[in-house]
4 protein chains.
Amino acid sequence: MAAVRAAVAGASGYAGGELLRLLLGHPGVEIGALTANSNAGQLLGSLQPHLVPLAGRTLEPTTAEVLAGHDVVFLALPHGQSAAVAERLGDDVLVVDMGADFRLRDAADWEKFYGSAHAGSWPYGLPELPGARAALGSTRRIAVPGCYPTAVSLALFPAYQSRLVEPDAVIVAATGTSGAGKALKPHLLGSEVMGSMSPYGVGGGHRHTPEMIQNLSAVAGRDVTVSFTPTLAPMSRGILATCSAKAGDGVSAESVRAAYEKAFADEPFVHLLPEGQWPATASVYGSNAVQVQVALDESAGRVIAVSAIDNLTKGTAGGAVQSMNIALGFEETLGLTTIGVAP
Amino acid sequence: MAAVRAAVAGASGYAGGELLRLLLGHPGVEIGALTANSNAGQLLGSLQPHLVPLAGRTLEPTTAEVLAGHDVVFLALPHGQSAAVAERLGDDVLVVDMGADFRLRDAADWEKFYGSAHAGSWPYGLPELPGARAALGSTRRIAVPGCYPTAVSLALFPAYQSRLVEPDAVIVAATGTSGAGKALKPHLLGSEVMGSMSPYGVGGGHRHTPEMIQNLSAVAGRDVTVSFTPTLAPMSRGILATCSAKAGDGVSAESVRAAYEKAFADEPFVHLLPEGQWPATASVYGSNAVQVQVALDESAGRVIAVSAIDNLTKGTAGGAVQSMNIALGFEETLGLTTIGVAP
Amino acid sequence: MAAVRAAVAGASGYAGGELLRLLLGHPGVEIGALTANSNAGQLLGSLQPHLVPLAGRTLEPTTAEVLAGHDVVFLALPHGQSAAVAERLGDDVLVVDMGADFRLRDAADWEKFYGSAHAGSWPYGLPELPGARAALGSTRRIAVPGCYPTAVSLALFPAYQSRLVEPDAVIVAATGTSGAGKALKPHLLGSEVMGSMSPYGVGGGHRHTPEMIQNLSAVAGRDVTVSFTPTLAPMSRGILATCSAKAGDGVSAESVRAAYEKAFADEPFVHLLPEGQWPATASVYGSNAVQVQVALDESAGRVIAVSAIDNLTKGTAGGAVQSMNIALGFEETLGLTTIGVAP
Amino acid sequence: MAAVRAAVAGASGYAGGELLRLLLGHPGVEIGALTANSNAGQLLGSLQPHLVPLAGRTLEPTTAEVLAGHDVVFLALPHGQSAAVAERLGDDVLVVDMGADFRLRDAADWEKFYGSAHAGSWPYGLPELPGARAALGSTRRIAVPGCYPTAVSLALFPAYQSRLVEPDAVIVAATGTSGAGKALKPHLLGSEVMGSMSPYGVGGGHRHTPEMIQNLSAVAGRDVTVSFTPTLAPMSRGILATCSAKAGDGVSAESVRAAYEKAFADEPFVHLLPEGQWPATASVYGSNAVQVQVALDESAGRVIAVSAIDNLTKGTAGGAVQSMNIALGFEETLGLTTIGVAP
């Protein structure tokens, strides 16, 4: 197969940079236009010094003209901007939106959490979810999941799929700071972040909450509620999602283990760890791997599932490449690794 | 009041070091014998280089002879060792155990979680808990709480005291590595810890779980269950405890706020933050302060309370000094600060 | 002595916050007006959440009217702004400038490195330098040294004072990110800083270079040159300065040690470590202590001196308080500690 | 070319783990026996959880029998152990020693710094050094350089090759903690490392010093002296080497730049950054890239060269693979990347 030509809109940010890191090692992709908004005109090497082979490339403005003529266009734009760009790209162009715009199927959810008009929904790029691969196989539009929903959905969906737990899930997740992007905000300064853990968006306000509810409710076949507390951790990359729900009557440790083994038996990127070994974000650093472990706390009567991902890789750019591979007929794992950079 | 003379058994570890840091600034305490086990005979300056005024002190072996003749003896020993030392100290000596030996009132709990014979229980050194101050006022034996139970009990007891929540609590807490002490274990190496979040003791196995249950059940007046997942965070100090429980019928955001305001109105170390501001461990670094915030998640139907402490200060050595102050008739805040070292 | 009343201009930044942390524990100081520029009107608690006792204080604008009526005024302003404020304060008011404006005695140096007109020079607030204490004893104007010059001057001046080394010094220093302040710059984001070391201002361009030259040349009695390379380290606080110069003929390890022991024999904050023990920034975290060690590398023919300070404490706010103590007749160590917060 | 079969002795340590990470992505290598000393018998997945494809492999003891029958044997053993293993492997087997045993050509240097009998010297695996590639092309024995000598030699050799500087170099380098390996030592605990910078081996005692001198003296054609101060930085990976030497008479910024451009013009892994941009270890994280920048400090009269590498990749395992590629006739860059994992 000849290489497909890919453009990246939003190449100066963290998501765009991670995508380029992966595309540079993808044997089926040739990198085309690289665009930015305020950084247009600058050399990529000054903004993403780790992307050595592209150091001399100049960022172009994000316009339909610049993005035209590619087989794939990745959008790594602030939310609310993807629809306008996408509608000017041909229906035969694969558009992979790494932003939030097309993730939610419910317009009211979108409006409540994002405060603007709903742009619609696209096939959801989390292939491990039941039914997702089929929808991705022939699409030319992909909505890449949020990083937290990726970690949480993979940790919990087997429990809901096998009806092991009650419908009210409690989730506390820690993220590295790259999840917040390159925005210049005081609480993201190194001086503030190092040596500190803090929660944010507590009490249901985080925009990834409705996405988790959407995913888990679909699998459960009934309404699931989610109490989600994200916390900012002193590290650049990684999400550790600690998820639990009340165990149903008669659920045993064996039935829990069996459900998870079955769910992930054929998944190339999800690794259900041996019993007793728990995920660590360091183990998946820079990789598309997902570490999952699950246990039944018999005293508290809860199933506890923990997952670790790299928020920029499996949580964003790696997930985007994985879904692109499916949509374009590449092998699903092409250009991706399960091997983390550790220690 | 003349200064009391204090001995510290276990002066070479992190808890002992933090205690000495605080005692050096305590106007009512004179530092006497410093003991250690395997480090006996060494200069403190080589093991605790930050304790400049004590750099030339030599560590003595932990024996009853060495510890005799002090008004206060602090024990920072591995669990299981405190009882043998304490029983050789006079009843008029204030013994403050920073280990676990005398925290649990239920012998079966002790045996289940620690695997040895129960040594008994002493007045519990968390003055903010209902009834605790009175018990500490005249005692000569104090069991300093575990670091996690301190953070969790302070975050949740007002909700249980005011009967705002159901009896099954879900807690995910992140701790800095100093909580694990100076033990030379592979997973505590800097190379493993930096850039990584990982859980441990998942599923009810952590030894601090029965202590949380003991505290919350006493306040609630009924059996509380606790699902507790501790995680190791890439920082030296600090605990961020994210705690939640299902809200009772008719509980409102106002009633939740009011309960917490009432519980902490007169507490010198607990700071219920202004609404919308959430705790950060950096803010309490090196201080005895506790930051607390609480919210009602109406969608998920849960009360979410978050606390931040320094595990070595309020979580261990600062809590010990605070309780000592009460027992000796000092002002409760003497030698302690609410001001963190930030950023 | 009745407490003096102190105002702090620039209370929302890191230097101002650290100063307030120290002043809150200073028995001779009462905290008066707190001012800011763009943050005027905000509650201090929202900007400096660790300063609990001042959480309810509102920041005022930095005007002469607001700053009037205090015994001491600390200026923590961007460089170039101090002179205008200072000249409107009375000659009897002690003005302590934590900025750069009055550090350099040579107007040409100022203009070359700062690009503006020279405001003059004030007595230099590094009491440990030969002759400095006398000049501080009666002054009402103090120029607090830069953080790097503090660390470097203390590491090297004994070698120059005792004429042990050649006049060309080579210095590589690592600093925590708080040294760069709260400015919102991309390279100071946590995501960029964590896990990375990088140099900046290489080749003589750093503004602290002429200040080091000024200090060392004065002690040496001849022109000293300085090759200074600062590096940004993944930590919030601390400076580790590795300094060396070619050893003079006949210089022995013993003569080096003796010179340093003599220089620091009576210094309350400078700790020449026992031979073989080297400074670590963690040991001085949050304290006014300076750790120094020195060695003669006989193979390379160089004297190597290393110092560790907390850039915000001894390097800025602690140094300011120490000099204020001298100027006001307080005990020099009042309100300051030599004990770091470690680990 | 059919894949070569590689054994790794010392697969449970950091160097061995990094090597396996690279070999798993090397299209010309098939991974054979994996051995360890005290960890023999354990599953690799429990020790190196990031190496997912090898999780089920059991570590074997490090014996000649186990290592027999491979085309390449990598030795990642404590120093002093490589010779005994290597002499039992056939002359036609490529042996790549990632330890120190065969790096030094001078037996007296070895004995002085390592305190044991000299095992000899092998072709030195730093292909970028003048003359090194030729020696590697046909060898069956490779001595992989130390991590610091790699960073320092690449930063400085062009200056010595072009006779731009005096023969006494001053080097201060910061390293991530993985450079110290997995040894359980108190100063390597996360609690000690995070938030702290500290030097070690000051004054010429570090074992990598004679290796730097050997490399630079060979290039300079005369005896070079090196003052080397390594410092431990709060990060897992990375070396930042700040190197300088007095500029020779008449040396200009242009001549310095030209010498470096010429030296690295054809090097696939060394990136001389655009003028004004300085290396950062984050940019080379997990890659085989070397970032170099150089400047002339005209005031201090010194040439300052700074390099950044990943100590585990280019500094150890990546360098080993690069040299193996040359010795086996693979393309030199096969299985290696210049793209770092950032941020």
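Letters go in sequence order (proteins before strands), and every chain restarts at 1.
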Exercise. Going from CE on Met194(D) to CE on Met194(B), what distance comes out if it is rounded to the nearest 0.5 angstrom?
Worked result: 7.0 Å
Exercise. Under 3.5 Å, is there a donor-acceptor pair between the Thr177(D) and Ser191(B) side chains?
Worked result: yes
Problem set entry | Contacting moiety of Ala180(D), where chain B heavy atoms sit under 4.5 Å | neither
Problem set entry | For the student: nearest non-hydrogen atoms of Glu192(D) and Lys182(B), plus distance | OE2-CE, 4.1 Å
Problem set entry | Option that, when pairs with chain D are counted at under 4.5 Å, heavy atom only, ranks first among Ala183(B), Pro234(B), Gly176(B) | Pro234(B)
For this session: Flag the pair Leu184(D) / Leu189(B) as yes when at least one side-chain heavy-atom distance between them is below 4.5 Å, and no otherwise.
Result: yes
Exercise. Ser236(D) and Gly190(B): which non-hydrogen atoms are nearest, and at how many Å?
Worked result: OG-O, 4.0 Å
